[in-house]
Amino acid sequence: MTSLRTNQDLDPARLREVFGIFPSGVVAVAALVDGVPSGLAASSFTSVSLDPPLVSFSIANASKTWPDLRRAPHLGVTILADHHSAVARQLAGPVDNRFDNLSLTATDDGAVLLDDGLAHFDTTIYREVLAGDHTIVLLQLHTATHTGQAEPSPLVFHRSRFGRLLKPL
Ligand SMILES: Cc1cc2nc3c(=O)[nH]c(=O)nc-3n(C[C@H](O)[C@H](O)[C@H](O)COP(=O)(O)O)c2cc1C
């Protein structure tokens with residue numbers, strides 16, 4: 001039997017590598033802040049609760065965007081599709097260009113959604129839980145919609161790379 005290596009492997013670079021073995025989708029979290037779209041890409045999104053309807057993502061405490069974004073009355077969450085790898089990078093890049101050439105819809109409450117996403121949530125912050133160097137943000141859903149189409153498939157983030165799902169088993 002192969003023995004597992006223990007906590008000499010818990011430095012951040014090594015942890016990032018090991019966490020990356022778990023595949024995830026990617027979302028855009030975005031809202032109008034002072035009338036201007038603000039947001040970021042997040043792969044830490046997960047569904048949490050049906051009643052009340054909750055999802056979560058984790059934001060780095062070092063984020064420069066989150067202190068402004070969290071002030072928005074509503075936050076939009078868009079699940080990205082497999083053709084969005086460049087969009088995901090853009091949404092993690094220089095703040096002034098994150099929404100360049102993206103087709104967006106803003107709700108009356110200022111949630112910002114990417115028009116060609118696979119699913120959309122209109123949310124408000126339910127709770128923020130400090131968790132080490134990140135904060136777990138619980139979001140309460142006000143609307144949840146999806147395209148209803150089997151294609152395209154979701155964007156997948158795995159081992160620090162983007163990919164797509166193969167056909168279902
Ligand atoms: C695929 C992908 C997933 C990401 N997931 C997260 C995440 O879950 N949480 C997070 O805080 N940042 C995540 N980031 C980084 C943010 O998108 C952004 O680059 C970072 O927050 C720095 O920008 P800021 O200082 O404006 O927040 C991710 C970036 C990429 C490309």
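Indexing begins at 1, ligand by ligand and atom by atom, following the structure's order. As the structure is a computational prediction, the values presented were derived from the model and not from experiment. Every heavy atom of this structure was used, including side-chain atoms; hydrogens, water molecules and symmetry mates were not.
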Task: F162 and F157 aromatic ring geometry - parallel, tilted or perpendicular at 30°/60° bounds - done: tilted
Open item on the list: Hydrophobic clustering (ILVMFWY, side-chain heavy atoms < 4.5 Å, transitive) - are F45 and L155 grouped together?
Closed with: no
Open item on the list: Rounded to the nearest 0.5 Å, what separates atom OG in S63 from atom NE2 in H134?
Closed with: 9.0 Å
TODO: Keeping the roles fixed (side chain from R164, backbone from S153), state whether a donor-acceptor pair exists under 3.5 Å.
DONE: no
Open item on the list: Let's go through T124 and L139 carefully: what are the C-alpha distance in whole Å and the side-chain angles of both, what is the deciding distance for side-chain contact (heavy atoms from CB on, under 4.5 Å) to 0.1 Å, and is it a yes or a no?
Closed with: CA-CA 6 Å; T124 51; L139 298 170; over 6 Å; no
Put together the list of close N/O pairs, under 3.5 Å, between ligand 1 and the protein, could you?
from: ligand 1; atom 1: 5 (N); to: S43; atom 2: N; distance (Å): 2.9
from: ligand 1; atom 1: 5 (N); to: S43; atom 2: OG; distance (Å): 3.4
from: ligand 1; atom 1: 8 (O); to: S43; atom 2: N; distance (Å): 3.3
from: ligand 1; atom 1: 8 (O); to: S44; atom 2: N; distance (Å): 3.2
from: ligand 1; atom 1: 8 (O); to: S44; atom 2: OG; distance (Å): 2.6
from: ligand 1; atom 1: 9 (N); to: S58; atom 2: O; distance (Å): 2.7
from: ligand 1; atom 1: 11 (O); to: A60; atom 2: N; distance (Å): 2.8
from: ligand 1; atom 1: 14 (N); to: A41; atom 2: O; distance (Å): 3.3
from: ligand 1; atom 1: 17 (O); to: A41; atom 2: N; distance (Å): 3.3
from: ligand 1; atom 1: 17 (O); to: A41; atom 2: O; distance (Å): 2.7
from: ligand 1; atom 1: 19 (O); to: A92; atom 2: O; distance (Å): 3.0
from: ligand 1; atom 1: 23 (O); to: R98; atom 2: NH2; distance (Å): 2.9
from: ligand 1; atom 1: 25 (O); to: K64; atom 2: N; distance (Å): 2.8
from: ligand 1; atom 1: 26 (O); to: T65; atom 2: OG1; distance (Å): 2.3
from: ligand 1; atom 1: 26 (O); to: R98; atom 2: NH1; distance (Å): 3.1
from: ligand 1; atom 1: 26 (O); to: R98; atom 2: NH2; distance (Å): 3.0
from: ligand 1; atom 1: 27 (O); to: S63; atom 2: OG; distance (Å): 2.5

Task: Heavy atoms of other groups near D108 CG, more than 12 under 6.0 Å - done: no
